Amino acid sequence: FELERIGVHESVETVFPPSELVDYLADDLVEVAVIGDDPDEIAACDAVVTFEHRDAYLEVDWVHSIQAGVDRFPFDEFEAEGVVLTNSTGIHDRWVGETVAGYLLSFARRLHTAVANQQERRWDQPDWNEGFTLPGTTACVLGTGTLGSGVAEVLGSLGVRVTGVRRSAEPVPGFEEIYATEDLLEAVGDADFVIVTLPLTEETRHLVDADVFEAMREDAYFVNVGRGPVVDESALIDALETDSIAGAALDVFETEPLPEESPLWDMDEVIVTPHCAAFTEDYFRAVGDIVRENVERLESGEPFHNRVV
Ligand code: NDP
């Protein structure tokens, strides 16, 4: 298809101002503009860069998701209409890795408790045996792709021994040991931290269930930076309430925003972040580079980078 006009949908505002990406992509070859929900405005574009899905995207030739996760897009309908879907996997490695390191350091050095106490102007030192250090601990990372590898790289540099779980069980650099999905319960059994970086698919929905929390050590912490529905959230809440695990750091939830009545908000050993583990001021540039590369590939007849549909 011919590419003359790219629309940057206003929903990218969740992660960065759309105008930043428009300015970054602006050149003489292709017209780039911020667009809203007007179906005619969408249909006037050949390609759309977006955070959310809109039905009107079935009228364009190419849709690029600024996220790695594309579980909200209707793959079948895109395929039927011949719409190309690309995603932003490959850019979130170190960013999410640093957020995960932050969670682990908070738990180890009790920083989340100090911040909670500070809100109440309370000077309250932790017990002598509450703090620990990361070197020598083990993290089991579910998913060993971009996110999982970035987590492994950052945690490895902090002295954490990192193991991984993936479908194939083939080795991955940065992971000391890799387990296949079938061996999940064995994989999580001796870990101090269990960290989910999985995409949401039919196979991964509720992959982390009561059996997984049961298999985890009682002093182990759970982290989810993948997608909320990969985890059975009521089984997680149950595991936290019955002290069958030590705590959790959660960036993604079954329902987002996390409902006000969720018990997760009030738990001392739970860190809640609002789906922002990958946010950085450089996000729009990294997305822009993928879009630009694909514009060039389209012009030279090469296959799209990060094509999903
Ligand atoms: P990748 O495609 O690079 O990696 C996905 C990994 O998941 C692969 O290792 C793959 O295994 C593994 N996997 C998939 N299905 C299964 C399964 N059934 N059992 C075990 N392993 C499985 O994706 P990214 O790392 O870029 O992103 C992963 C997800 O993280 C995204 O889909 C998105 O939902 C989420 N995300 C969240 C962010 C946040 O802000 N919190 C930011 C960015 C992404 P194999 O290697 O064997 O194929």
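Keep in mind that this is a model prediction, so the values were computed, not measured. One-based numbering, in listed order, for ligands and for the atoms of each. Along the sequence shown, residues carry numbers from 1.
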Atom 20 (C) of ligand 1 - nearest protein heavy atom and its distance: T181 OG1, 3.1 Å
Atom 10 (C) of ligand 1: the protein heavy-atom neighbour that sits closest, reported with distance to 0.1 Å: R167 NH2, 3.8 Å
Nearest-contact summary for atom 26 (O) of ligand 1 - protein heavy atom, Å: T89 OG1, 2.5 Å
Single-linkage hydrophobic cluster, 4.5 Å side-chain cutoff, V84 and L25 together: yes
Nearest neighbour in protein (non-hydrogen) for atom 35 (C) of ligand 1: G226 O, 3.4 Å
Whether F304 and W62 hold their rings parallel, tilted or perpendicular, with breakpoints at 30° and 60°: tilted
Contacting atoms of ligand 1, where contact means under 4.0 angstrom from a heavy atom of H275: 39 (C), 40 (O), 41 (N)
Parallel, tilted or perpendicular: ring planes of F222 versus F213, cut at 30 and 60 degrees: perpendicular
Atom indices of ligand 1 within 4.0 angstrom of E203 heavy atoms, with elements: 18 (N)
Protein heavy atom at shortest distance from atom 5 (C) of ligand 1: P199 CD, 3.8 Å
Nearest-neighbour protein heavy atom for atom 3 (O) of ligand 1, which is reported as residue plus atom name and distance: T146 N, 2.9 Å
Identity and distance of the protein heavy atom lying nearest atom 28 (C) of ligand 1: T197 O, 3.3 Å
Shortest non-hydrogen contact between V34 and S19, atoms and distance: CG2-N, 4.1 Å
Atom indices of ligand 1, in the order listed, that fall short of 4.0 Å to a heavy atom of T204: 15 (N), 16 (C), 17 (C), 18 (N)
Contact check: T144 vs ligand 1, nitrogen or oxygen atoms, below 3.5 angstrom: yes
Atoms in ligand 1 with a heavy atom of A278 nearer than 4.0 Å: 40 (O), 42 (C)
Heavy atom of L200, distance to ligand 1 below 4.0 Å: no
Atoms in ligand 1 with a heavy atom of D251 nearer than 4.0 Å: 39 (C), 40 (O), 41 (N)
Validation row: R227, L198 side chains within 4.5 angstrom (heavy atoms): no
V225-ligand 1 polar pair, N/O distance under 3.5 Å: yes
Parallel, tilted or perpendicular: rings of F284 and Y24 (30°, 60°): perpendicular
Heavy-atom nearest option to atom 33 (C) of ligand 1, drawn from R166, R227, E170: R227
Donor-acceptor contact present, side-chain S11 to main-chain E52, <3.5 Å: yes
Side chain E20, main chain P17, donor-acceptor under 3.5 Å: no
Polar atom proximity, G148 to ligand 1 (N or O, under 3.5 Å): no
T201 touching ligand 1 at heavy-atom level, < 4.0 angstrom: no
Contact summary for S149 and V172, nearest pair of heavy atoms: OG-CG1, 4.0 Å
Shortest non-hydrogen contact from T146 toward H92: CG2-N, 4.0 Å
Audit row: E296, R292, salt bridge (charged side-chain N to carboxylate O under 4.0 Å, His left out) steps and yes/no: CA-CA 6 Å; E296 286 165 9; R292 183 171 288 135; 5.2 Å; no
Residue S168 vicinity, atoms of ligand 1 by number, heavy atom under 4.0 Å: 47 (O)
Atom 22 (C) of ligand 1: nearest protein contact (heavy atom, Å): L198 CD2, 3.4 Å
Close-contact set for ligand 1 against G69 heavy atoms, below 4.0 Å: 31 (C), 32 (O), 33 (C), 34 (O)
Single hit among D251, T14, L250, V225 for side chain to side chain contact (heavy atoms under 4.5 Å, CB included) with H275: D251
Check: S65/Q67 side-chain N/O donor and acceptor closer than 3.5 Å: no
